[in-house]
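Contents: one structure, followed by commentary.
Quick caveat, the model's predicted, so the values are computed rather than measured. Read the numbers this way: they start at 1 and go in the same order the structure lists the ligands and their atoms.
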Amino acid sequence: RTTARDLTSTLIGDRAGGWDLAGELPVAVLRELGRQGALCAQVPVEFGGLGLSSADNGELTAHTGGLCSSVRSVQTSQGMAAWSIGRFGDPGQRRHYLPRLTGGQLAAVAFSEADAGSDLGAMTTRIEIVDGEAVVTGEKVWTTAATYADLILVVGRFGSGAAVAVVPRDRPGVRLTRVPHPSGCRAAGHADVRLDAVRLPASAILGGGGHDLSMLVTAMLLYGRMSVAWGCVGILRECLRVSATHVRARSQFGTELARHQLVSRHLAELLVAEQVASRACEHASRCWDDGDPGLVAAVVLAKQVSSRNAARGAATAVQLLASRAAHDGSPVARAYRDAKLMEIIEGTTEICQLILADHALATVG
Ligand code: FAD
């Protein structure tokens, strides 16, 4: 764990701002993090992973998120791909794919389509078996890390159910179009992915397919939501650190900013936001590690709390730094842009609220 954390610090260093402005991560950095197992650290040791618990992987994810949300986004995609292969792949598929993901290859996960965002039940991508081969046809949008990925896990309709196909990016019929100028996580390699009758061996369909679409998506997103939630904790910790340093160092009206009570209230709110998000994530990871039946609701709650707190907390940090945060190169300006998008991905704030309301109706009273 220490090694993965140190490696992440060393490889990212203070370069995240430059990568954000350039809109590009160095692939060598991603491959090195991948080779050391740091991008999908919960993968068991037998498959070349670090075998971390959800709690320890969460702290690693928060550390990455505090340094660079674009790298953390790639980490979330890689971890979600590995989790999905572990969950839905058969033993042979796990042996085939997981060592690749812990050996330096990169992966992305494609659910969303132009007319199927929150409503993934509306997806039209098709995975079929034709003459013993899998054929994938459809158009995915906003696939994080797709421009770096060697493998794209594509979710689609499969007969009357659903399936996940592992599609090598260089397969004939796969075409990527970069999402131009994303407002946050700018270097995370988002792309729209077009699949024109892409032919694959049938063994590329995880577990042979035939899952219920809603169950499949919920299970895959479980990891993504947990990972985003911890990434937001990292954003909050970094905003708190930068803000506290600034208000101690700068004076106005002859007094340290930290001594102005309206300023210290902002700092107190930021601390509360960070602590509450941390506790929600720790609880969800404990549910994950203990196999608690309340896991799904705990993870959605953690994602909801952390992403909202990060969006508000980063706005508070911008307020505290004022003109020092009023340009793109500022770490808290980057956090502000990155954090807002965390309320959109892996289930928007509103979709999380619907899930939590259903949970309340089913369990309370
Ligand atoms: P819409 O579904 O059109 O929603 C618009 C608004 O309506 C939202 O506020 C939403 O909450 C609200 N709304 C919708 N339905 C309801 C309802 N029933 N009740 C109340 N409110 C509702 N997708 C992938 O597959 N893979 C990825 O790796 C990936 N990465 C992404 C990275 C980023 C930075 C972004 C911005 C998106 C990414 N996405 C990815 C897509 C993302 O999952 C979708 O943007 C998200 O699910 C929302 O869909 P939408 O944008 O179409 O919004």
Crowded around Arg265 CZ? As in, over 12 foreign heavy atoms under 6.0 Å?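 It does: Arg265 CZ has more than 12 such atoms within range.
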
Do any nitrogen or oxygen atoms of [X] come within less than 3.5 Å of a nitrogen or oxygen of ligand 1?
X      : result
Ser77  : no
Ala110 : no
Glu350 : yes
His190 : no
Ile351 : no
Ser112 : yes

Nearest neighbour in protein (non-hydrogen) for atom 27 (C) of ligand 1: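 Checking every protein heavy atom, the shortest distance to atom 27 (C) of ligand 1 gives Trp142 O, 3.3 Å.
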
Looking only at protein heavy atoms, identify the closest one to atom 30 (N) of ligand 1 and say how far it is in Å.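 Going by distance alone, atom 30 (N) of ligand 1 is nearest to Thr144 OG1, 2.7 Å.
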
Note: Arg225-Glu346 ion pair, threshold 4.0 Å (strictly below):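 No, Arg225 and Glu346 are not salt-bridged.
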
Between Glu343 and Arg308, does any NZ, NE, NH1 or NH2 come within less than 4.0 Å of an OD or OE carboxylate oxygen?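 Salt bridge present between Arg308 and Glu343.
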
List the residues meeting ring-ring contact (aromatic ring centres under 6.0 Å, His included) with His63, not counting sequence neighbours, and say none if there are none.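 For His63, no residue satisfies ring-ring contact (aromatic ring centres under 6.0 Å, His included) once neighbours in sequence are set aside.
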
Ignoring hydrogens and geometry beyond distance, is a side-chain donor-acceptor pair present between Ser69 and Arg337 at under 3.5 Å?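 There is no such pair between these side chains.
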
Mind checking whether Val109 contacts ligand 1 via backbone (N, CA, C, O), side chain (CB onward), both or neither, at a 4.0 Å heavy-atom cut-off?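 Only the backbone of Val109 comes within reach of ligand 1.
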
